[in-house]
2 protein chains.
Amino acid sequence: MDVTSSEFQTLYEAMTTFVNTCMSGHDPSHNPAHVHRVANLANTILQSEQSANPTQPLSAAVVKLAALLHDIGDRKYLPTLASTSSESGNANTNTADIDPKTMVELALLNAGAPPSLASKVQTVVSHVSYTTECKNPGLIRRLIEEDGYPELAIVQDADRLDAIGAIGIGRTFTFLGAQGKKFAKEGEWEMGNCIEHFVEKLERLEGMMKTETGRGMARVRTERLGVFRGWWEEEMGVATGAV
Amino acid sequence: MDVTSSEFQTLYEAMTTFVNTCMSGHDPSHNPAHVHRVANLANTILQSEQSANPTQPLSAAVVKLAALLHDIGDRKYLPTLASTSSESGNANTNTADIDPKTMVELALLNAGAPPSLASKVQTVVSHVSYTTECKNPGLIRRLIEEDGYPELAIVQDADRLDAIGAIGIGRTFTFLGAQGKKFAKEGEWEMGNCIEHFVEKLERLEGMMKTETGRGMARVRTERLGVFRGWWEEEMGVATGAV
């Protein structure tokens with residue numbers, strides 16, 4: 001589908017409304033503003049990659065829709081989504097009825113998207129997550145390089161860029177505060193959980209970036225994580241008597 | 001009271017237990033770990049100031065106890081505190097009975113502190129807050145310089161150091177996440193609220209530091225706030241299409 005067509009514009013607007021409705025109650029680490037940042041970052045990466053290699057077969061429609069819908073069905077927030085949908089009067093969306101593996105495809109089909117596009121966007125969305133990739137990195141590589149989903153590389157990179165740098169730092173602490181003791185390890189609801197998360201996940205994302213554009217942006221933001229962690233350790237050393 | 005006496009050690013341990021109990025349910029921006037960092041920072045400042053000016057009349061007992069107790073009675077968390085106390089079986093501590101202006105003094109008296117010490121610590125604790133100082137900066141200056149509460153300068157500086165730098169950044173976003181829409185302005189629960197808070201309050205704290213030691217430490221941490229805000233603005237510019 002041509003992204004400049006009025007048909008695509010109508011579909012994209014309907015999906016924007018859907019995302020805003022589903023996620024408006026989420027804490028600011030995973031709310032509509034996060035999604036719209038990822039959508040913009042995906043557009044930036046897409047344009048840069050297309051300029052560098054104009055013959056690369058990339059569907060702008062898939063990139064745009066998958067970036068917009070990438071957090072729909074996120075298990076961390078599914079109960080909230082179910083409750084929101086239920087309050088809006090849709091009797092078919094209680095928790096038991098929600099299958100996170102098909103939510104995006106169904107929403108797109110309901111809004112009139114061609115089945116092939118809806119299916120392709122669902123596949124990309126279902127494979128964006130870091131956890132999914134860690135479980136089976138070969139699957140992600142095959143999808144991108146062999147199976148015809150090069151758009152997945154762009155959406156992954158965009159989502160991961162919003163997880164690092166100053167914005168990633170802000171999102172991690174916000175999530176800690178919002179999730180309460182669920183985020184805590186061994187019952188310790190402490191900010192140190194966030195610094196562990198930097199080391200265990202966020203500082204590793206740069207090495208998993210798939211596009212040249214994304215990798216360059218990730219380098220700068222990963223340096224920022226390291227600088228911030230250095231500040232943190234110095235301040236904690238003074239404040240806990242460790243130095 | 002001599003802080004090396006066993007009498008003081010017993011009192012300090014009782015107050016530590018009291019603080020840990022009152023604040024253990026708080027989100028990590030204002031939990032016991034915050035208090036213990038402030039207590040350590042206050043000790044560091046006290047030692048440095050005493051070295052620089054050995055004749056300065058500073059009570060180590062007042063500094064230590066006021067730093068430890070500085071967030072008891074904080075209105076932001078009072079309902080949580082009341083509920084915690086009520087659950088612990090103390091029928092006299094429902095919300096209606098709590099007067100934040102006397103909580104610290106009563107707790108100290110209950111633990112056997114001399115009335116003059118309890119009263120002095122309460123006065124320091126009651127005047128630590130930024131909001132209190134903004135309402136009447138002359139009152140704070142008089143307390144410190146004329147009325148015999150030079151310890152207030154140290155406890156204020158210690159508390160404000162934990163509000164800036166990397167730790168201050170982490171605490172602000174954690175508070176945003178934990179407080180939910182209560183923190184939001186005009187119903188917008190967004191991370192931008194934190195950046196506004198840096199500009200409106202945190203970046204101004206350096207200019208309000210009272211001790212040389214605190215001012216020097218605040219300079220470094222305030223620079224960090226500025227660097228972080230620069231990163232934030234650059235990343236938000238890219239991610240919102242503003243640049």
Side-chain angles (χ1 to χ4, degrees), chain A residues 24-29 31-34 36-41 43-44 158 161-162 164-181 183-184 188-195 217 220-221 223-225 227-236 238-242, chain B residues 24-29 31-34 36-41 43-44 158 161-162 164-181 183-184 188-195 217 220-221 223-225 227-236 238-242:
Chain A
S24 63
H26 292 191
D27 72 79
S29 70
N31 68 358
H34 157 64
H36 298 307
R37 286 193 304 272
V38 171
N40 278 323
L41 287 165
N43 276 331
T44 301
L161 282 171
D162 206 60
I164 55 179
I167 291 175
I169 292 165
R171 289 182 63 213
T172 306
F173 284 104
T174 301
F175 188 70
L176 173 86
Q179 291 284 304
K181 298 195 173 180
F183 191 86
E188 291 292 321
W189 190 23
E190 291 291 355
M191 291 191 297
N193 297 148
C194 293
I195 305 300
M217 293 168 81
V220 176
R221 294 184 189 205
E223 281 172 13
R224 293 172 182 174
L225 290 178
V227 170
F228 183 87
R229 188 152 66 83
W231 296 344
W232 183 274
E233 286 163 4
E234 187 268 333
E235 293 171 20
M236 276 292 173
V238 174
T240 60
Chain B
S24 64
H26 292 191
D27 73 79
S29 70
N31 68 358
H34 156 65
H36 297 308
R37 287 193 303 272
V38 171
N40 277 323
L41 287 165
N43 276 331
T44 301
L161 282 172
D162 207 59
I164 55 180
I167 291 175
I169 292 166
R171 289 181 64 213
T172 306
F173 285 104
T174 301
F175 189 70
L176 173 86
Q179 291 284 304
K181 298 197 172 180
F183 192 85
E188 291 292 322
W189 191 22
E190 292 291 353
M191 292 192 296
N193 297 148
C194 293
I195 305 300
M217 294 168 79
V220 176
R221 295 185 188 205
E223 280 172 14
R224 293 173 181 174
L225 290 178
V227 170
F228 183 87
R229 189 153 65 83
W231 296 344
W232 183 275
E233 286 163 3
E234 187 269 332
E235 293 170 22
M236 277 291 173
V238 173
T240 60

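Chain identifiers are assigned alphabetically (A, B, ...) following the order of the sequence lines, protein sequences preceding nucleic acid strands; residue numbering begins at 1 within each chain.
With sequence neighbours left out, B:D27 forms a side-chain hydrogen bond (donor to acceptor under 3.5 Å, both in side chains) with B:S29, B:Y77. Every residue two or more places apart in sequence or in another chain that forms a side-chain contact (heavy atoms from CB on, under 4.5 Å) with A:V220 is listed here: A:R224.
Between chain A and the options B:I169, B:D162, B:N43, B:T44, the largest number of non-hydrogen pairs under 4.5 Å is found for B:I169.
To the nearest 0.5 Å, atom CG of residue A:L176 and atom CZ of residue B:F173 are 13.0 Å apart. A distance of 6.0 Å separates CE of A:M191 from CD1 of B:I167, quoted to the nearest 0.5 Å.
In this pair, B:F228 and A:F228 present their aromatic rings tilted. The plane angle is within the 30 to 60° band.
Pairing each heavy atom of A:A239 with each of B:N40, the nearest pair is O-ND2, 2.9 Å.
Checking side-chain atoms of A:E235 against main-chain N and O of B:A166 turns up a donor-acceptor pair under 3.5 Å.
For B:R171, the parts lying under 4.5 angstrom from a heavy atom of chain A are both the backbone and the side chain.
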